[in-house]
Asks: 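For reference, the structure I am asking about is given below.
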Amino acid sequence: MNALNASCRQRIPFHLRTFVDVEVGEQAAAMDKTNRNELLELCESVREQTISDAEWDRLQELLRDQELRRLYTDYMAMVGRLEESLEDFGVARGGNPDDARQMMLDALLDERNARSEQATVTLPPTRRWKIHVAYATALSILAILLWSGIQSPEKSEGEAFASISSARGCKWGAGTLPTVVGSRLAPGRLDLLEGFAKIDLDNGVRLSLEAPASITLQSLTNCEVHSGQLLAHVPGAEIGFTVTTPTTEVLDLGTEFAVRVEDDGHTKVHVVTGEVNVTNLRSKEAQRLVEHEIAHVRNEEIARPDPDAEPFGARSDDPRDALKNMESRLISTAQGSGRDAFIWRRLSSGYREQEMLLVKHCVEHRGQWDRKVYLAFDIEALKGFQLDQAELRLHLVPSGLGYVSGQLDSTFQVYGLIDETRDDWSEKTINWQNAPANEPGAAAVAPEMTVPVGTFEVRQGVQTGSVSVSGTRLRDFIESDTNGVITLIVVRETQERSWDGGGLVHAFMSKEHPSGLPPTLRLVGTQASNP
């Protein structure tokens with residue numbers, strides 16, 4: 001059992017290992033013990049959704065104290081992370097999830113006792129844990145650590161800056177980093193022998209690694225590709241993300257690009273969208289690449305192949321070939337009779353955040369804070385336009401409402417309003433009661449009046465950049481329009497995890513945003529010639 005628990009300790013996510021690497025904090029010791037204990041009891045009532053109105057009022061009173069407010073925020077954030085990690089650990093172990101959780105708890109206790117100079121924490125050896133009991137025990141351990149003051153004398157979670165978000169058919173080599181999905185990653189090397197993996201950095205950068213490939217993660221703004229192919233999606237030029245290879249430095253300017261290091265060490269760079277700066281590390285020659293351009297970096301030169309050459313990451317039947325004779329049109333909610341607004345269950349008017357479109361899916365007992373987004377696009381100018389592709393793009397902006405720790409990766413659904421008699425809604429008067437096709441649920445719309453046209457995902461912690469929906473369902477919905485106006489409804493299907501209703505409110509730029517881009521349709525097709 002000791003050997004098994006030692007193995008489990010190696011699998012404990014880094015942010016849980018910091019829970020058991022503690023020392024007594026002066027601020028926590030100075031905090032009034034009675035109020036602290038009362039606050040933690042109220043936290044548990046919030047988490048279990050059993051808090052009464054009187055207890056809620058008492059909680060608000062306690063939270064006026066800065067130290068208690070900080071303890072509350074830390075406690076609720078860590079509870080969410082701990083429960084999530086216990087679930088992920090059970091999945092990763094396979095078999096009986098209760099046994100997996102038991103091993104995780106035993107490992108946490110061993111780690112805590114090994115690192116603490118204080119009294120050893122023990123649990124009854126004959127007790128078998130049900131899932132909810134396992135959670136309660138883990139949270140009790142967490143409470144003990146919080147009472148002692150959670151600090152790490154040797155290291156902090158800041159060392160880890162990325163995580164493996166998915167892995168398909170992967171076989172890993174002798175790298176220096178963990179390879180289980182969900183693992184937190186600090187600087188180190190990953191060697192992928194087979195399969196495909198995605199790595200999400202905390203600043204929103206997403207790296208797709210295609211085997212065989214070897215990379216070194218260095219920081220939030222830099223990675224090195226030793227061999228193989230990497231696709232990088234960077235949400236904004238301000239990040240300054242750089243990919244280096246034995247011959248090349250690629251500086252992102254807000255884009256999606258691919259880098260491939262060949263067996264001879266030469267590097268190929270392909271810009272999917274946006275721009276990059278490519279530098280030959282030997283000759284120091286630098287060139288800027290824009291969308292669809294390719295560069296081969298070898299010896300002391302940067303070579304440009306024929307502009308019509310097939311991208312190294314594309315199929316032979318690259319669909320872009322069929323788009324050469326097509327035109328692209330952009331239509332935003334700021335054009336013509338376009339409109340955008342959000343509805344709020346709590347209020348029917350007087351919203352202050354007109355420059356933002358807010359979306360939230362609350363826990364049921366805090367449902368008054370639910371919000372949905374409505375978009376109207378004037379597509380009258382598309383008459384005679386033969387539509388081939390359609391994309392809806394929304395631009396994220398920090399809402400300043402709620403906590404990231406209370407909202408995990410979130411899936412959003414976009415619906416099209418098929419009842420065209422309701423397309424004349426007003427962004428000044430629309431509300432929860434009169435919004436077309438709205439239903440009581442936070443993610444619900446009337447099925448007889450709508451059709452789903454696509455989904456998108458926003459990763460935990462990402463509050464900037466853009467998201468999009470595209471495909472045949474969106475295109476077909478637009479093509480089916482007969483009155484020159486379409487309405488789209490955006491809801492968040494993923495409910496918040498923060499039991500006090502304090503999970504993140506997602507926000508998108510509206511047409512009133514002073515410096516951002518409004519919701520926009522990008523339409524590709526051909527204009528029919530006039531008879």
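Residues take their numbers from the sequence shown, with the count starting at 1.
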Asks: Quick one: closest heavy-atom pair of Pro514 and Glu355, and the distance?
Replies: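 Taking Pro514 first and Glu355 second, the nearest heavy atoms are CD-CB, 4.1 Å.
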Asks: Could you tell me which non-hydrogen atom of Val359 sits nearest to which non-hydrogen atom of Val491, and how far apart they are?
Replies: CG1-C, 4.1 Å
Asks: Using a 6.0 Å cut-off, check whether atom CZ of Arg522 has over 12 heavy atoms from anything other than its own residue.
Replies: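 At most 12 heavy atoms, drawn from other residues, nucleotides or ligands, come within 6.0 Å of this atom.
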Asks: Using 0.5 Å steps for rounding, measure from the CG atom of Asp252 to the OG1 atom of Thr221.
Replies: 11.0 Å
Asks: Any heavy-atom pair between the side chains of Val181 and Ser166 that's under 4.5 Å?
Replies: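 Sidechains of Val181 and Ser166: no contact.
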Asks: Does Thr248 form a side-chain contact (heavy atoms from CB on, under 4.5 Å) with Val259? I'd like the steps, not just the answer.
Replies: CA-CA 10 Å; Thr248 311; Val259 174; over 6 Å; no
Asks: Once you measure the plane-to-plane angle for Phe508 and Phe412, does it fall in the parallel (<30°), tilted (30-60°) or perpendicular (>60°) bin?
Replies: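 Rings of Phe508 and Phe412: perpendicular, as their planes differ by over 60°.
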Asks: Walk me through it: do Val467 and Leu396 pass the test side-chain contact (heavy atoms from CB on, under 4.5 Å)?
Replies: CA-CA 8 Å; Val467 293; Leu396 286 159; 4.2 Å; yes
Asks: Would the distance check show the side chain of His361 and the main-chain N or O of Glu493 forming a donor-acceptor pair, the cut-off being under 3.5 Å?
Replies: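 Yes; judged by distance alone, with no hydrogens or angles, the pair exists.
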Asks: With a 4.5 Å limit on heavy-atom distance, are the side chains of Glu496 and Val363 in contact?
Replies: yes
Asks: Just how far is it from atom CD of Gln407 to atom CD of Gln460, taken to the nearest 0.5 Å?
Replies: 8.0 Å
Asks: Salt bridge or not between Asp409 and Arg459? Use side-chain N to carboxylate O under 4.0 Å.
Replies: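 Here Asp409 pairs with Arg459 in a salt bridge, since their nearest N and O are under 4.0 Å apart.
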Asks: Once rounded to the nearest 0.5 Å, what's the spacing between atom CZ of Arg206 and atom NE2 of His233?
Replies: 8.0 Å
Asks: Show your reasoning for whether side-chain contact (heavy atoms from CB on, under 4.5 Å) applies to Asp340 and His513.
Replies: CA-CA 11 Å; Asp340 53 34; His513 195 280; over 6 Å; no
Asks: Is Leu209 close to Leu207 at the side-chain level, that is, under 4.5 Å between some pair of heavy atoms?
Replies: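 No, too far: nothing below the 4.5 Å cut-off.
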Asks: Any side-chain donor paired with an acceptor under 3.5 Å for Thr411 and Thr455?
Replies: no
Asks: Quick check: closest heavy atoms across His395 and Ser466, and the distance to 0.1 Å?
Replies: ND1-CB, 3.6 Å
Asks: Going by distance alone, is a donor N or O of one side chain under 3.5 Å from an acceptor N or O of the other, for His226 and Thr216?
Replies: yes
Asks: Side chains of Glu391 and Gln389 only: does a donor on one sit below 3.5 Å from an acceptor on the other?
Replies: no
Asks: Just checking, any donor-acceptor pair under 3.5 angstrom between side chains of Ser214 and Asp191?
Replies: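 Asp191 and Ser214 do have a side-chain donor-acceptor pair below 3.5 Å.
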Asks: Checking Lys268 side chain against Glu262 main chain: does a donor-acceptor pair fall under 3.5 Å?
Replies: no
Asks: Mind checking whether Glu364 and Gln495 have side chains closer than 4.5 Å, heavy atoms only?
Replies: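 Yes, close enough: below the 4.5 Å cut-off.
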Asks: Would you say Phe456 and Ser468 make side-chain contact, with heavy atoms under 4.5 Å?
Replies: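 Side-chain contact under 4.5 Å: no.
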Asks: Please name the pair of heavy atoms, one in Pro519 and one in Leu375, separated by the smallest distance, quoted to 0.1 Å.
Replies: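 What the structure gives for the nearest pair is CG-CD2, 3.7 Å.
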Asks: Once you round to the nearest 0.5 Å, how far does CG of Leu521 lie from CG of Leu330?
Replies: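 With rounding to 0.5 Å, CG (Leu521) is 9.0 Å from CG (Leu330).
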Asks: Checking Arg371 side chain against Trp369 main chain: does a donor-acceptor pair fall under 3.5 Å?
Replies: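 Judged by distance alone, yes, a pair lies under 3.5 Å.
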Asks: Locate the shortest heavy-atom distance separating Ser410 from His506; write the atom from each residue and the value.
Replies: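 Scanning both residues, the minimum pair turns out to be OG-CE1, 3.5 Å.
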Asks: Would you indicate whether the side-chain heavy atoms of His296 and His266 approach each other to under 4.5 Å?
Replies: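 Not touching, per the 4.5 Å side-chain cut-off.
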Asks: Give, for atom OG of Ser183 and atom CD1 of Ile164, the distance between the pair rounded to the nearest 0.5 Å.
Replies: 5.5 Å
Asks: Working note: Val243 + Phe257, criterion side-chain contact (heavy atoms from CB on, under 4.5 Å); need CA distance, chi angles, decisive distance, verdict.
Replies: CA-CA 10 Å; Val243 175; Phe257 64 97; 3.8 Å; yes
Asks: Considering only heavy atoms from C-beta outward, does the side chain of Thr333 approach that of Ser510 to under 4.5 Å?
Replies: no
Asks: In Å, rounded to the nearest 0.5 Å, how long is the span from CG of Leu401 to NZ of Lys360?
Replies: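 So the gap between those two atoms works out to 8.0 Å.
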Asks: Keeping the roles fixed (side chain from Glu224, backbone from Thr244), state whether a donor-acceptor pair exists under 3.5 Å.
Replies: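 Side chain of Glu224 to backbone of Thr244: no pair is present.
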Asks: I'd like to know if the side chain of Asn203 and the backbone of Leu220 have a donor-acceptor N/O pair within less than 3.5 Å.
Replies: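 Between the backbone of Leu220 and the side chain of Asn203 there is a qualifying donor-acceptor contact (under 3.5 Å).
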Asks: Please name the pair of heavy atoms, one in Ser399 and one in Ala507, separated by the smallest distance, quoted to 0.1 Å.
Replies: CB-CB, 3.7 Å
Asks: Please say which of Leu190, Val205, Leu177 ends up in a side chain to side chain contact (heavy atoms under 4.5 Å, CB included) with Ile199.
Replies: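 Result for side chain to side chain contact (heavy atoms under 4.5 Å, CB included) with Ile199: Leu190.
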Asks: When you measure from the side chain of Thr279 to the backbone of Leu281, do you find a donor-acceptor pair of N or O atoms at a distance under 3.5 Å?
Replies: no
Asks: Output yes when a side-chain donor or acceptor of Asn280 lies under 3.5 Å from a complementary backbone atom of Glu285, and no otherwise.
Replies: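 Side chain of Asn280 to backbone of Glu285, a donor-acceptor pair under 3.5 Å: no, none is there.
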